There are 2 protein chains.
Amino acid sequence: MRDVVAVVKALADENRLRALFALRLSELCLCQIIELLGLSPSTVSRHMSILKQARLVESRKDGRWIYYRQAGDNAAPLVRGALDWVSRSLKGGKETAKDVRQLKNILKTNPETLCKRQRKN
Amino acid sequence: MRDVVAVVKALADENRLRALFALRLSELCLCQIIELLGLSPSTVSRHMSILKQARLVESRKDGRWIYYRQAGDNAAPLVRGALDWVSRSLKGGKETAKDVRQLKNILKTNPETLCKRQRKN
DNA sequence: CCTATACTTCGCCAAATATCGAAATGATAC
DNA sequence: GTATCATTTCGATATTTGGCGAAGTATAGG
């Protein structure tokens with residue numbers, strides 16, 4: 001029950017759902033997710049930590065960058081089921097389509113440039 | 001997206017998950033759910049209203065009683081998927097098993113007696 | 001080392017939420 | 001009608017949550 005509650009609570013936020021859905025397409029470093037959501041680094045970091053705690057995402061460190069990705073196929077059925085449900089439910093939505101478009105742009109820029117631009121603001 | 005958020009937020013509470021899972025077995029009137037959760041009538045009523053708003057449960061009125069049940073097979077895929085995930089994820093859990101046992105006892109008593117007993121406290 | 005940098009943690013505030021008891025609602029039964 | 005009863009709505013309160021900026025951590029590169 002604890003795990004289930006952790007997972008649904010992790011999903012129970014629009015920004016976390018958007019981030020999670022974005023990770024379906026590609027792994028992303030934090031600054032890319034920051035760019036997508038338009039929130040402060042600390043807030044996005046916190047969101048990702050909640051998703052990680054619930055085992056919905058994993059991360060790998062590459063130098064100064066931390067790349068997040070959705071949990072893999074080997075994840076617990078609880079998690080696997082949640083991710084599949086989110087994908088099926090969000091796919092085709094209007095806001096989702098907009099995020100996908102923006103994400104494609106974000107992926108064109110390399111993370112370094114992205115972070116630099118963010119620091120200016 | 002709005003619908004998805006409504007559904008996950010509705011699921012993001014342990015007591016609502018317990019109520020929802022209990023409804024998998026049988027339709028229940030409010031006082032039976034009150035008995036199961038051990039919360040005040042107003043609180044449980046509010047929980048059920050949130051689940052209804054998200055279309056996860058439906059209700060029918062029978063005299064003074066209102067019976068709640070899980071959304072049927074004709075429900076939107078979004079809802080159907082969520083209910084199936086909850087069932088699969090909670091089935092076999094320890095707290096869940098306890099609830100099932102208690103629920104069986106609750107179903108032995110008729111609702112009228114149950115309500116009367118609750119009014120005493 | 002020292003600086004810059006990508007990210008995290010902490011302290012704070014505002015908004016949302018869970019809970020209760022009291023009052024309101026709507027239906028039954030006398 | 002009046003009383004009773006199952007449920008809902010309202011008002012108040014306590015807790016949780018989402019958000020930010022400032023300070024902290026860890027790593028790359030001079």
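Quick caveat, the model's predicted, so the values are computed rather than measured. Reminder, nothing fancy here: chain letters follow the sequence lines and each chain counts from 1.
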| query | How many Å lie between NZ on A/K52 and P on C/dT9, as a whole number? | reply | 9 Å

| field | Contact nearer the 5' end of DNA chain C, comparing A/S49 with A/K116 | value | A/K116

| Closest listed nucleotide, where the reference is the side chain of A/S42 and the choices are C/dC7, D/dA22, D/dT17 | D/dA22

| query | Within the pair B/R46 and D/dT7, is there a side-chain N or O less than 4.0 Å away from OP1 or OP2? | reply | no

| query | B/Q32 or A/P41: which one's nearest nucleotide on DNA chain D is closer to the 5' end? | reply | B/Q32

| task | Could you tell me the separation between the CG atom of B/L78 and the CZ atom of B/R55, rounded to the nearest 0.5 Å? | result | 11.0 Å

| said: I want to check one thing: is the phosphate of D/dG19, taken as OP1 and OP2, less than 4.0 Å away from some side-chain N or O of A/T43? | reply: no

| message | If I take atom CD in residue B/E35 and atom P in nucleotide D/dA6, what distance separates them, rounded to the nearest angstrom? | response | 13 Å

| request: Side-chain contact test, heavy atoms from C-beta onward, threshold under 4.5 Å: evaluate it for B/K52 versus B/V57 and give yes or no. | output: yes

| request: Count the heavy atoms belonging to other residues, nucleotides or ligands that lie under 6.0 Å from CD of B/Q53, then report whether that count exceeds 12. | output: no

| Touch class at under 4.0 angstrom, heavy-atom based, for A/Y68 against every strand present | sugar-phosphate

| If you check every side-chain atom of A/S45, which of C/dT8, C/dT28, D/dT17 has the closest atom? | C/dT8

| request: Please tell me if the side chains of B/W85 and A/V8 come closer than 4.5 Å, counting only heavy atoms from C-beta onward. | output: yes

| Any N/O donor-acceptor pair, A/S40 side-chain to D/dG19 base, under 3.5 Å | no

| query | Tell me: CH2 of B/W65 to P of D/dA6, nearest whole Å? | reply | 6 Å

| message | How many whole angstroms separate atom CG of A/D62 from atom P of C/dA6? | response | 13 Å

| query | Where the side chain of B/L39 is concerned, which of C/dC20, C/dT8, D/dT7 is the nearest nucleotide? | reply | C/dC20

| field | Gap between atoms CD1 and C1', on A/I50 and D/dG18 respectively (whole Å) | value | 8 Å

| query | According to a strict under-4.0 Å criterion, is A/H47 in side-chain N/O contact with OP1 or OP2 of D/dG19? | reply | yes

| query | Choosing from C/dA6, D/dA6, D/dG19, which nucleotide comes nearest the side chain of A/N15? | reply | D/dG19

| message | Closest approach to the side chain of B/K61, judged atom by atom: which nucleotide of C/dT8, C/dA27, C/dT19 is it? | response | C/dA27

| For the pair made of CD in A/E14 and C1' in C/dA15, what is the distance, rounded to whole Å? | 16 Å

| request: Please tell me if the side chains of A/E95 and A/R18 come closer than 4.5 Å, counting only heavy atoms from C-beta onward. | output: no

| field | B/L30 CG - D/dC5 P separation (whole Å) | value | 17 Å

| query | Could you give the CE-to-C1' distance, from A/M48 to C/dT9, as a whole number of Å? | reply | 17 Å

